Amino acid sequence: MKAIELEKAYDPKAFEDSIYKQWVEDGNFKPSTGKGKPFVIVMPPPNVTGILHMGHALNNSLQDTLIRYYRMTGRPTLWIPGTDHAGIATQNVMERRLQKEGLRRQDLGREKFLERTWALKEEHHDVIVGQLKKIGCSCDWDHERFTMDEGLSKAVRETFVTLYERGLVYKGLYLVNYCPHCGTALADDEVEHQEDVGHLYDINYPFADGSGHITVATTRPETMFGDVAVAVNPDDERYKSLVGKMLKLPLTDREIPIIADSFVGIEFGTGMVKITPAHDPNDWECGKRHNLEAINILNPDGTLNDVCPEEFRGLPAEVARDKVAQKLNELGYLVRVQEHKHEVGHCYRCNTTVEPYLSQQWFVRMRSLADKALDAWKRGEIHFYPKRWENTYSSWLENIRDWCISRQLWWGHRIPVWYCDDCGHMMVEREDPTCCSKCGSKHIHQDTDVLDTWFSSWLWPFSTLGWPEETPDFKRFFPTSTLVTAYDIIFFWVSRMIMASLEFTGKVPFNDIYITGLVRDKKGRKMSKSLGNGIDPLDVIDLYGADAMKFTICYLAAQGQDVLVDMDSFKLGSRFANKIWNATRYLLMNLEGRNLVAIDQSKFTEVDKWIYHSLNENVRKVRNAIEGYKFNDAAQAIYDFFWNDFCDWYVEASKLSLYSGDDAEKDRIVSILMDILAESMRLMHPMLSFITEEIYSKLPNTEGKVITASFPEYRNDRIHAEEAHLMQCMQDVVRGIRNSRAELGIPADKKLRIVIRPDENDCLASFMAGHVDLLKNFTNAGSVEIDAEKAISVEGAFPVAGQGFETYVFVRDAIDVDKEIAKLEEEISKAKALLEGSEKKLSNEKFVSFAKPEAIEKERAKKREFEEKIEKTQKHIEVLRSF
RNA sequence: GGCGAUGUAGCUCAGCGGGAGAGCCCCAGUCUUACACACUGGUUGUCGUAGGUUCAAAUCCUACCGUCGUCACCA
């Protein structure tokens with residue numbers, strides 16, 4: 001046959017896009033119709049707020065690796081892509097855009113605003129999809145979903161109404177976390193606590209009867225207009241007698257009582273706490289215990305409302321804080337101000353300080369849902385990788401609180417609740433009502449709030465498959481197999497998916513959860529816009545190619561560990577892809593004039609057996625690693641096999657045959673090389689998808705595409721442990737000779753005379769004897785003599801110590817004898833130390849009686865080895881001394 | 001403060017009960033019929049500290065120190 005030509009330089013740009021297009025056109029990402037158990041992943045849907053970052057690249061690279069691997073094992077495989085409407089985040093992005101046009105969303109009105117936001121969604125969606133395709137994600141685009149598309153909206157509505165019917169959704173007036181900037185309530189876990197430096201103000205509150213005053217401590221003096229009491233600890237001897245007395249609230253004409261409540265700490269501050277039920281969670285609870293009124297002092301935008309004295313109305317809370325303090329100071333109420341560090345809640349979307357805010361909101365009662373999720377985990381139906389996240393999962397579920405799901409936003413699923421304007425009747429409906437179901441009035445209106453984004457995301461594993469309909473997809477592909485996501489959304493998303501799934505389908509949504517680390521920069525910092533340390537996946541692909549990116553990520557993704565990268569990190573994958581390319585190019589060149597023949601195991605040399613043995617071992621390693629989510633182990637195994645074993649040793653060894661005059665042998669070796677190359681492509685495809693497909697299509701011994709080829713199997717007929725050992729001995733000889741050449745400063749092109757004396761081991765001796773030419777090639781020797789009988793004089797030869805053989809290099813004139821002796825002596829002292837340790841162990845009765853027999857036998861072998869090494873080296877020194 | 005992770009070669013990290021490893025970096029040599037994004041060889045370590053368990057500990061346990069993450073907070 002003719003040689004097959006490959007472009008001289010590896011250039012991923014030349015084929016990645018067209019290969020992706022071909023995969024899609026050929027339907028390679030669709031689940032096969034096979035009978036095996038489907039392997040299914042739902043992609044964590046990226047937010048349509050922007051474009052993908054390295055975190056997404058990590059996440060999707062790992063998913064793609066899993067999907068491609070399982071596809072090749074023959075299981076019907078489905079990877080469902082999609083995007084998330086990301087309520088608050090997207091609305092914020094839209095509002096920022098409007099701001100640039102000098103507009104507020106109120107200027108547009110709800111309908112117009114939503115229209116614009118849908119357009120924004122489309123814009124970002126297209127970019128995101130383009131990125132996923134560049135990365136090479138083999139997801140089934142015909143299954144793509146969006147959290148606000150028709151089917152998913154139906155699922156959201158169904159779940160809301162069902163939960164309401166089951167008494168698990170309720171509405172009520174509660175103190176919730178409220179972001180004044182976003183203008184909406186937040187769930188408890190959407191609040192991030194950060195340490196802020198504030199002030200602790202001590203303020204005098206006079207007794208109503210004019211008999212003096214007490215002093216309260218507060219960090220937020222502006223909330224005093226909502227004070228309804230001052231509390232002390234009932235056991236506080238200082239204040240016991242004051243309980244029940246009335247105080248005059250400064251700056252107002254209200255009077256409030258002193259009450260006793262055990263939540264007050266005696267030690268902290270002044271031991272007296274002002275109680276403001278509408279603006280502090282503890283006070284809210286305290287207020288309920290004492291039947292106190294809750295006075296709301298804030299407008300929804302976080303400014304002080306009409307309850308407050310006129311001069312403070314309309315001021316943002318933080319501004320009012322200083323002003324109130326100043327006023328109190330002028331009037332002599334302010335005693336002192338101290339700096340005070342404390343944790344303050346911030347909005348996870350805009351980082352604004354969150355206000356506890358009294359309002360009507362919708363909640364999901366979580367206890368029973370959480371218990372089901374805990375039980376499923378205890379029954380062993382879900383496994384986290386790494387396992388430690390199970391603690392996070394369980395402790396959150398054990399301490400779960402009700403979930404505030406209403407958001408005062410426009411972008412999202414509108415709450416399916418209607419109110420009658422005439423009789424006030426409330427309707428929770430699956431279909432839009434046209435009139436009041438109680439009084440028949442047509443004057444009805446829908447709740448203006450929308451649902452928390454996570455209220456649609458938590459249905460993702462089954463809503464994407466058609467639920468609530470019993471679709472064929474749902475029946476075939478649910479529950480899914482594995483979820484791959486980052487640890488920062490275990491609460492928001494993972495736990496809730498499990499709860500929703502159990503509640504609505506009775507099954508867990510997936511069995512395995514692989515929690516990835518985060519992508520950070522080389523200094524370990526999170527990648528962020530503000531630090532400017534982010535890397536754009538598309539830039540990586542542009543510079544190095546998608547394969548280099550995916551492989552590097554896999555190589556660095558030790559189970560669950562954070563991945564620290566900079567642009568240069570991806571050279572690792574790039575170099576490897578380049579190596580694969582060049583090795584292939586070389587092998588294909590050598591097809592010129594050759595005929596491929598059937599692989600005949602009976603004609604295998606020891607070296608052939610060794611390479612198949614190594615391939616086999618690595619196949620097993622890769623399979624185990626991927627199935628156990630140890631991506632780095634799998635990446636390392638293919639790297640080591642292909643580069644070290646195949647390229648550095650086997651291909652080098654094959655040159656002997658390749659450049660011989662024996663046509664039959666040349667055909668034979670080329671056939672084996674092609675066989676291993678093709679199998680390597682299949683082995684590497686999950687992590688190096690494009691280059692393997694490109695090469696696979698050029699190989700003369702392949703049919704079809706690698707993406708749909710079968711993954712290599714571990715085969716018993718490829719186990720050749722004996723030959724693997726022989727090869728290792730040969731590598732030791734070769735390394736020893738090369739080493740001495742380098743150490744002694746002998747030029748690489750100087751042909752040496754070498755004598756090898758295998759130690760009373762016929763197998764090794766005949767192996768070495770059979771591969772003299774190979775040894776010559778590997779060491780650039782002029783002659784290699786195998787001297788099992790120890791008949792050849794080695795006078796004047798430099799000895800190289802080795803395991804199971806002795807090697808002599810004839811270099812008498814080129815050696816610095818003293819230097820070599822010193823080096824060998826150091827080797828002896830090292831070996832002696834090891835021997836001593838070994839002897840100590842073996843003479844220890846306890847070791848001999850307690851240790852496993854294998855361990856003892858191994859130790860004995862080691863001891864013998866050390867002894868031999870010392871003896872040999874000793875001899876070598878003597879030889880050197882005789883020079 | 002609770003819980004958790006982590007501390008191994010200059011850097012990034014594997015290893016997690018029986019002789020300290022990889023990649024990058026560094027040094028020396030080589031354009032040896034594919035690859036200088038290559039080849040060959042080499043240097044580098046109180047495996048955080050202190051105890052304990054064990055015949056044996058980088059590996060298991062305890063405490064402490066450092067770093068990071070989470071959850072919860074007393075105005």
Side-chain angles (χ1 to χ4, degrees), chain A residues 6 8-10 189 193 200-201 216-220 223 231 263-276 280-283 340 342-343 386 388-389 391-392 395-396 399 487-488 490-491 518 520 522 524 544 548 555-556 558 560-566 568-569 571-572 574-590 630 632-633 636 639-640 647-648 651-652 655 658-659 734-735 738-743 745-749 777 780 830-831 833-835 837-838 840-842 844-852 854-856 858-859 862 865-866:
Chain A
L6 228 48
K8 183 147 196 226
Y10 163 61
D189 40 26
H193 292 273
L200 190 60
Y201 301 82
V216 298
T218 180
T219 52
R220 301 188 55 194
T223 63
F263 96 91
V264 179
I266 296 173
E267 306 294 325
F268 190 88
T270 59
M272 292 199 138
V273 188
K274 62 191 218 46
I275 301 299
T276 322
D280 181 278
N282 280 312
D283 295 4
H340 180 65
H342 58 158
E343 293 279 323
R388 67 184 131 94
W389 293 110
N391 292 332
T392 308
S395 70
W396 186 73
N399 300 307
Y487 57 74
D488 50 356
I490 292 178
F491 305 135
L518 301 181
R520 298 172 178 278
K522 280 279 189 183
Y544 299 117
Y555 193 93
L556 298 176
Q561 287 299 113
D562 287 348
V563 177
L564 276 61
V565 290
D566 61 17
D568 279 350
S569 305
K571 279 183 183 164
L572 171 75
S574 177
R575 285 172 58 247
F576 187 45
N578 188 57
K579 183 73 183 180
I580 295 170
W581 187 262
N582 281 310
T584 304
R585 190 160 69 90
Y586 168 71
L587 294 176
L588 292 182
M589 269 166 38
N590 281 291
K630 300 195 165 184
N632 60 326
D633 287 352
Q636 199 154 44
Y639 185 95
D640 288 348
C647 289
D648 289 350
V651 172
E652 286 306 315
K655 285 177 180 173
L658 236 33
Y659 304 141
V734 172
R735 286 199 193 99
R738 284 173 176 168
N739 176 330
S740 45
R741 193 192 268 278
E743 286 291 308
I746 300 161
D749 55 358
N777 274 17
N780 195 25
K830 268 188 195 164
L834 291 169
L835 176 65
S838 218
K840 213 167 129 190
K841 257 190 205 177
L842 287 166
N844 183 337
E845 270 176 46
K846 288 183 176 171
F847 173 72
V848 181
S849 45
F850 283 102
K852 282 177 285 183
E854 307 92 89
I856 298 171
K858 213 174 149 191
E859 199 57 46
K862 253 195 264 174
E865 201 181 295
F866 298 143

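In this text, all values refer to a predicted model and were calculated from it rather than measured experimentally. Naming: A, B, ... by sequence-line order, numbering from 1 per chain.
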Participant: Would you kindly check whether a donor in the side chain of Lys841(A) faces an acceptor in the base of C55(B), or vice versa, at under 3.5 angstrom?
Facilitator: no

Participant: Quickly work out the Leu834(A) CG to G18(B) C1' distance and round it to whole Å.
Facilitator: 13 Å

Participant: When the distance from NZ of Lys840(A) to C1' of G18(B) is rounded to whole Å, what number comes out?
Facilitator: 15 Å

Participant: Dump the pairs, protein N or O against N or O of nucleotides 42-47 of chain B, anything under 3.5 Å, distances to one decimal.
Facilitator:
unit_1 : atom_1 : unit_2    : atom_2 : d
G42(B) : OP1    : Asn739(A) : ND2    : 3.1

Participant: For Asn777(A), check side chain to side chain contact (heavy atoms under 4.5 Å, CB included) against everything at least two apart and list the hits.
Facilitator: Leu656(A)

Participant: Output, in order, the C-alpha distance, side-chain angles, deciding distance and verdict of salt bridge (Lys or Arg N to Asp or Glu O under 4.0 Å) for Lys862(A) and Glu859(A).
Facilitator: CA-CA 5 Å; Lys862(A) 253 195 264 174; Glu859(A) 199 57 46; 3.3 Å; yes

Participant: Would you mind classifying the nucleic acid contact of Glu652(A) as base, sugar-phosphate or nothing, using non-hydrogen atoms under 4.0 angstrom?
Facilitator: base

Participant: Using the P atom in both, what is the distance from G23(B) to U67(B), to the nearest Å?
Facilitator: 32 Å

Participant: Within the 4.0 Å heavy-atom criterion, would you say Val848(A) contacts the bases, only the backbone, or no part of the nucleic acid?
Facilitator: nothing

Participant: Nearest 0.5 Å please: distance from the CD1 atom of Ile856(A) over to the CZ atom of Phe847(A).
Facilitator: 5.5 Å

Participant: Are the side chain of Asn739(A) and the backbone of Arg735(A) linked by a donor-acceptor contact shorter than 3.5 Å?
Facilitator: no

Participant: Taking ring-ring contact (aromatic ring centres under 6.0 Å, His included) as the definition, give me every residue that meets it alongside Phe576(A), ordered by chain and number, with sequence neighbours left out.
Facilitator: Phe551(A), Tyr639(A)

Participant: Any N/O pairs under 3.5 Å between the protein and nucleotides 23-27 of chain B? List them or say none.
Facilitator:
unit_1 : atom_1 : unit_2    : atom_2 : d
C24(B) : OP1    : Arg575(A) : NH1    : 3.1
C24(B) : OP1    : Arg575(A) : NH2    : 2.7

Participant: Under 4.0 Å, heavy atoms only, any strand: does Lys655(A) hit a base, just the sugar-phosphate, or nothing?
Facilitator: base

Participant: In whole angstroms, how far is the P atom of A34(B) from the CG atom of Asn590(A)?
Facilitator: 9 Å

Participant: When the C1' atoms of C24(B) and U70(B) are considered, how many whole Å apart are they?
Facilitator: 32 Å

Participant: Which part of the nucleic acid, if any, lies within reach of Ala558(A) when heavy atoms closer than 4.0 Å are counted: base, sugar-phosphate only, or nothing?
Facilitator: sugar-phosphate

Participant: If you look at every strand shown and take non-hydrogen atoms under 4.0 Å, does Lys274(A) touch a base, only sugar-phosphate, or nothing?
Facilitator: nothing

Participant: Taking all heavy atoms of Trp581(A) and all of Lys8(A), pick out the closest pair and write down the distance.
Facilitator: NE1-O, 4.0 Å

Participant: For Arg585(A), is there any backbone N or O sitting under 3.5 Å from a side-chain donor or acceptor partner on Asn582(A)?
Facilitator: no

Participant: G51(B) and G10(B): how far apart are their C1' atoms, nearest whole angstrom?
Facilitator: 31 Å

Participant: Quick one: the dot-bracket string of RNA chain B, using Watson-Crick and G-U wobble pairs with both distances under 3.5 Å, [ ] for crossing pairs and | for bases paired to another strand.
Facilitator: ((((((((.[[[[.)..(..]]]].(((((.......))))).....[[[[[..)....]]]]])))))))....

Participant: Using the P atoms only, state how far C16(B) lies from U6(B), rounded to an integer number of Å.
Facilitator: 13 Å

Participant: Base, sugar-phosphate, or nothing for Ser574(A), non-hydrogen atoms under 4.0 angstrom?
Facilitator: base

Participant: Show the distances under 3.5 angstrom between N or O atoms of the protein and N or O atoms of nucleotides 5-7 of chain B.
Facilitator:
none

Participant: So which atom in Tyr201(A) and which in Thr219(A) form the shortest heavy-atom distance, rounded to 0.1 Å?
Facilitator: CE1-O, 3.9 Å

Participant: Counting only side-chain heavy atoms from C-beta out, which of G69(B), C35(B), G18(B) sits nearest to Phe847(A)?
Facilitator: G18(B)

Participant: Pick base, sugar-phosphate or nothing for Asp648(A), based on heavy-atom distances below 4.0 Å to the nucleic acid.
Facilitator: sugar-phosphate

Participant: Can you measure from CG (Asp568(A)) to OG (Ser574(A)) and round to the nearest 0.5 angstrom?
Facilitator: 11.0 Å

Participant: Start at the 5' end of RNA chain B and walk down; is the nucleotide closest to Leu587(A) or to Asn399(A) reached first?
Facilitator: Leu587(A)

Participant: Where do Val651(A) and Tyr586(A) land on the side-chain contact (heavy atoms from CB on, under 4.5 Å) test, with the steps shown first?
Facilitator: CA-CA 10 Å; Val651(A) 172; Tyr586(A) 168 71; 3.7 Å; yes

Participant: Once rounded to the nearest 0.5 Å, what's the spacing between atom OG of Ser569(A) and atom CG of Asp566(A)?
Facilitator: 4.0 Å

Participant: What nucleotide, of G18(B), U70(B), U40(B), holds the atom closest to the side chain of Phe491(A)?
Facilitator: U70(B)

Participant: What is the distance, to the nearest angstrom, from the NE2 atom on His193(A) to the C1' atom on G69(B)?
Facilitator: 16 Å

Participant: Calculate the interatomic distance between Leu564(A) atom CG and C68(B) atom P; express it in whole Å.
Facilitator: 13 Å

Participant: Determine, step by step, whether Arg220(A) and Thr276(A) satisfy the side-chain contact (heavy atoms from CB on, under 4.5 Å) criterion, reporting the C-alpha distance in whole Å, the side-chain angles of both residues, the deciding distance to 0.1 Å, and the verdict.
Facilitator: CA-CA 10 Å; Arg220(A) 301 188 55 194; Thr276(A) 322; over 6 Å; no

Participant: Side chain of Val264(A) only, please: which of G4(B), A75(B), C55(B) is the nearest?
Facilitator: A75(B)

Participant: So how far is it from Lys274(A) NZ to Asp280(A) CG, rounded to the nearest 0.5 Å?
Facilitator: 8.5 Å

Participant: State the CD1-CZ distance between Ile746(A) and Arg738(A), to the nearest 0.5 angstrom.
Facilitator: 14.5 Å

Participant: In whole angstrom, what separates Met272(A)'s CE from A75(B)'s P?
Facilitator: 18 Å

Participant: Once you round to the nearest 0.5 Å, how far does CD1 of Ile490(A) lie from CH2 of Trp396(A)?
Facilitator: 11.0 Å

Participant: C1' atom, A22(B) versus G17(B): distance in rounded Å?
Facilitator: 22 Å

Participant: Please report the distance, rounded to the nearest Å, between CD1 in Ile856(A) and C1' in C55(B).
Facilitator: 9 Å

Participant: Between Lys579(A) and C39(B), is there a side-chain N or O to OP1/OP2 distance below 4.0 Å?
Facilitator: yes

Participant: When we call it a touch if two heavy atoms are under 4.0 Å apart, what does Arg735(A) touch: a base, just sugar-phosphate, or nothing?
Facilitator: sugar-phosphate

Participant: Closest to the Asn632(A) side chain: A75(B), A14(B), G41(B)?
Facilitator: A14(B)

Participant: With P as the reference atom in both, quote the distance from U43(B) to A20(B) in angstrom, rounded to an integer.
Facilitator: 16 Å

Participant: Once you round it to whole Å, what is the distance between C1' of C11(B) and CG of Asp566(A)?
Facilitator: 11 Å

Participant: Can you see which heavy atom on Val264(A) is nearest to which on Val273(A), and at what distance?
Facilitator: CG1-CG2, 3.6 Å

